[in-house]
Amino acid sequence: MIASPRTFAFIAVAAALLLGSCAETTGPSRPTFYDYLDTPGATVDAQAAATMISQYRANHGLGPVTVDPALTAIAEKQVQVLAARDSVQASLEGDRSPMVRLQKAGYAPRAAAENVSAGYLTLAQAFSGWRDSPPHNANMLNPAVTRIGIATAYVPSSKYHVFWDLILAQPGS
């Protein structure tokens, strides 16, 4: 017996559905450092940033960094100023030095550095940009730092779209 085209189509659809139901429905997820942050409400994954920077530091014989909530709060305040002024040159209260800003915020660091940037849409892009910039790279490879705070701000009307602030520090005793 030869199947009609209609029967053949039914069998093909049923087979596809059967095979599809056997397939894994959840594949591996994409790492968060590839997430686009140029959307309202998007936030950078601070732990992914710490892991990425720590691995990079380990490749250079340096110790890891951990996320510090106090530094993250300070970075969030700074990035909001950058975003409001639509400039990476902006600074809080005229203090361009991260040491001074951290001290004014009640954080007494032994060492501090900061990477301020704009225009990178993902953490991976920002990290690559910082790695390729000698001053930013030196900050990430500063042997004295042990903690980070990181924040982003999305401004759709800005030519940059996403502003970044990464603070690296070693807390005082």
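Numbers here simply count residues along the sequence, with the first being 1. Computed from a predicted structure; not experimentally measured.
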Output for pair (Ile53 CD1, Thr66 OG1), nearest 0.5 Å, gives 11.5 Å
Give a yes or no on whether the backbone of Ala124 and the side-chain of Ser128 come within a donor-acceptor separation of less than 3.5 Å.
yes
When you measure from the side chain of Thr146 to the backbone of Val65, do you find a donor-acceptor pair of N or O atoms at a distance under 3.5 Å?
no
Backbone of Glu114 reached by a side-chain donor or acceptor of Asn139 within 3.5 Å
yes
Shared hydrophobic cluster, Ile74 / Met99 (ILVMFWY, side-chain heavy atoms < 4.5 Å):
no
Would you find a donor on one side and an acceptor on the other, under 3.5 Å apart, between the side chain of His60 and the backbone of Tyr56?
yes
Considering all heavy atoms of both residues, which atom of Gly172 and which atom of Arg110 are nearest to each other, and what is their separation?
CA-CG, 3.7 Å
In terms of heavy-atom contacts, Ala112 and Leu102 come closest through CB-CD1, 3.6 Å
Please set out all donor-acceptor pairs under 3.5 angstrom arising from side-chain atoms of residues 38-46, sequence neighbours excluded.
{"from": "Asp45", "atom 1": "OD1", "to": "Gln47", "atom 2": "N", "distance (Å)": "3.1"}
{"from": "Asp45", "atom 1": "OD1", "to": "Ala48", "atom 2": "N", "distance (Å)": "3.0"}
{"from": "Asp45", "atom 1": "OD2", "to": "Thr32", "atom 2": "OG1", "distance (Å)": "2.8"}

CD1 (Ile148) and OG (Ser54) are apart, to the nearest 0.5 Å, by 7.5 Å
Do Leu141 and Met52 belong together in a cluster built from hydrophobic side chains that touch within less than 4.5 Å?
yes
Gln125 side chain to Leu121 main-chain N or O, any donor-acceptor pair under 3.5 Å?
yes
Minimum heavy-atom separation for Ala118 and Val88, please, with both atom names.
CB-CG1, 3.4 Å
Chi angles and distances behind the side-chain contact (heavy atoms from CB on, under 4.5 Å) call for Glu76, Thr72:
CA-CA 6 Å; Glu76 181 63 36; Thr72 299; 5.6 Å; no
Does Val162 belong to the same Ile/Leu/Val/Met/Phe/Trp/Tyr cluster as Phe33, with side-chain heavy atoms less than 4.5 Å apart forming each link?
yes
Between Val67 and Ala50 the two heavy atoms that sit nearest each other are CG2-CB, 3.7 Å
Kindly state each residue pair satisfying salt bridge (Lys or Arg N to Asp or Glu O under 4.0 Å) with at least one member in residues 51-65, sequence neighbours excluded.
none
Does some side-chain heavy atom of Pro64 sit less than 4.5 Å from a side-chain heavy atom of Gln55?
no
For residues Phe127 and Tyr36: do they belong to one hydrophobic cluster (side chain heavy atoms under 4.5 Å, members Ile, Leu, Val, Met, Phe, Trp, Tyr)?
yes
Single-linkage hydrophobic cluster, 4.5 Å side-chain cutoff, Leu62 and Trp130 together
yes
Under 3.5 Å, sequence neighbours excluded: what are the donor-acceptor pairs made by side chains of residues 163-171?
{"from": "Trp164", "atom 1": "NE1", "to": "Tyr120", "atom 2": "O", "distance (Å)": "2.8"}

Ignoring hydrogens, what is the shortest heavy-atom contact between Leu37 and Thr152? Give both atom names and the distance.
CD1-CG2, 4.0 Å
Can you name the closest pair of heavy atoms from Asn115 and Met140 and give their distance?
ND2-CG, 3.8 Å
Passes salt bridge (charged side-chain N to carboxylate O under 4.0 Å, His left out), Arg30 versus Asp35? Steps please.
CA-CA 8 Å; Arg30 183 176 71 177; Asp35 288 351; 3.4 Å; yes
